[in-house]
Amino acid sequence: MELNIAVLAGDGIGPEVIDQAVKVSNAIAKKFNHKIDWFPAITGAAAIEKVGEPYPDETHEICLKADAVLFGAIGHPKYDNDPSAKVRPEQGLLKMRKKLGLFANVRPTFTFPDLIEKSPLKKERIEGTDLVFLRELTGGIYFGKRGRLDNGDTAYDTCTYKRSEIKRIARKGFELAMTRSKKLCCVDKANVLESSRLWRETVQSMEKEYPEVKVSYEFVDAVAMRLIQWPNSYDVLITENLFGDILTDEASVISGSMGLMPSASIGTKTSLFEPIHGSYPQAEGKDIANPLATILSAAMMFEDAFGLKKEAECIREVVNRSLSEGFVTEDLSNGKKSYKTSEVGDWLASNI
Ligand code: IPM
Ligand code: MN
């Protein structure tokens, strides 16, 4: 098969972890007889430096033409510490999500048998966790009207949702639930927020189309607690943009590290695959970042964008082997011998 993949390394550790995912993907292509053409493009702070804009039109064109986008990370401390900066790397990510119509961010949470002891949570609580968040990605407070009043002394951000936006993500949730244990949780704050009441009303109105799916409605604050108390009680969760952002970081603790969690963003155009972690600027250039989340995102890409299940399984298998044999970066080594980002990438590629 011919695979045309746009590759957006971005900022911080982005380029380092992307390099490893490219190595592993190329090894997969070789083993399974595929031809990958990579189309690199700039984004984030790196793009601001070059062309003054974090998601340039040329980058968008490259993404549109590709069959899938593999994405590293975005963000730079220079902008974090300057609240008055007019152009910010994160705007590039939001613009990209919007322009590619990536309304559903799929964030699975699962445990790795070899890392279960690493989680700060008790083994008996988290063992067997296998849940998926579907985070709405192109609406809500991230994209609502915002501004300042009173000479800057008052600030506001607004959360707006259309019924149609809720419906399309909810449909993905119902469909995903049908392929799994037929349990769907709608996470909202319907006891306070009008937008949440519309979420609840919309999801309720769709229940009759999926009579086999058992839907629960839970408030986000309660989910934040139950998620780490009884993660096994969840399967598919759908939620709005900001709640999903927060809960998926929390959920990564169940797996043992943010450096492990992949994601897929799907929508109306090219799908995008990226680790859920950020650009980790403190580690930039040190060759120490954990590349597994990006490599597992590449696995999701093979499976979801190209229907190549065996290829995806092969990547997951070799990742599990690196964990059980301790061929890992320092964040996972428990004070034992650890390996560089690039060494882990080489090891995985050669073991494919
Ligand atoms: C994520 C990130 C982004 C978000 C940031 C970098 C804008 O935290 O993908 O979860 O908030 O969506
Ligand atoms: Mn986040």
Side-chain angles (χ1 to χ4, degrees), residues 8-15 17-18 21 42-48 53-55 59 63 69-83 85-109 132-144 146 157-159 161 165 169 187 220 223-224 227 237-255 257-267 271-284 289-290 293-294 296-297 300-301:
L8 278 52
D11 304 322
I13 57 164
V17 291
I18 280 283
I42 52 169
T43 184
I48 299 178
E53 132 87 275
Y55 184 61
T59 298
C63 292
V69 182
L70 189 61
F71 187 87
I74 251 181
H76 193 285
K78 177 173 146 191
Y79 302 90
D80 294 344
N81 302 331
D82 175 13
K86 287 271 172 306
V87 190
R88 318 182 67 82
E90 288 80 3
Q91 290 163 346
L93 188 59
L94 301 187
K95 192 170 161 196
M96 177 176 75
R97 288 172 179 171
K98 197 76 173 177
K99 285 184 82 170
L100 290 173
L102 302 170
F103 65 84
N105 185 214
V106 185
R107 295 189 166 184
T109 296
V132 186
F133 273 97
L134 284 183
R135 166 187 174 193
E136 202 290 330
L137 204 58
T138 52
I141 203 163
Y142 273 65
F143 292 93
R146 69 181 97 251
D157 297 274
T158 50
C159 178
Y161 269 106
E165 291 173 314
I169 179 98
V187 184
V220 60
V223 174
L227 183 62
L237 303 100
I238 51 172
T239 193
E240 65 94 48
N241 207 341
L242 181 61
F243 296 161
D245 179 48
I246 298 167
L247 291 178
T248 53
D249 268 31
E250 187 192 350
S252 74
V253 177
I254 298 167
S255 308
S257 165
M258 276 265 267
L260 291 168
M261 299 325 290
S263 86
S265 297
I266 49 184
S271 297
L272 178 136
F273 300 84
E274 61 170 317
I276 81 159
H277 62 66
S279 61
Y280 190 16
Q282 305 83 334
E284 179 176 350
N290 186 345
T294 314
L296 291 168
S297 300
M300 284 182 94
M301 174 182 77

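Computed from a predicted model, the values in this text were never measured in an experiment. Numbering of ligands and ligand atoms starts at 1, following listing order. In what follows, residues are counted from 1 in the order of the sequence shown.
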**Study point:** Close side-chain approach of F133 to L227, heavy-atom, < 4.5 Å
**Key:** yes

Practice item. May I ask you to say whether E53 pairs ionically with K95, meaning some side-chain N is under 4.0 Å from a carboxylate O? Key: yes

Practice item. Using only heavy-atom distances, determine whether the side chains of E136 and Y161 contain a donor-acceptor pair under 3.5 Å. Key: yes

Check your understanding: Looking at atom 11 (O) of ligand 1, what's its closest protein heavy atom, distance included?
Key -> Y142 OH, 2.5 Å

**Study point:** Of the listed options R107, R97, E90, closest to atom 12 (O) of ligand 1 (non-hydrogen atoms)
**Key:** R97

Point to revise | Any N, O or S atom of D245 closer than 2.8 Å to the Mn ion (ligand 2) | key: yes

Review point. Hey, does D245 sit under 4.0 Å from ligand 1 if you only count heavy atoms?
Key: yes

Point to revise | Protein contact of atom 5 (C) of ligand 1 - nearest heavy atom, named by residue and atom, plus distance | key: L93 CD2, 4.1 Å

Practice item. State whether a side-chain donor-acceptor pair under 3.5 Å links D245 with Y142. Key: yes

Practice item. Decide whether R107 and T248 meet the rule of one side-chain donor and one side-chain acceptor closer than 3.5 Å. Key: yes

Review point. Short list, please: which atoms of ligand 1 are under 4.0 Å from a heavy atom of R135?
Key: 1 (C), 4 (C), 9 (O), 10 (O), 11 (O), 12 (O)

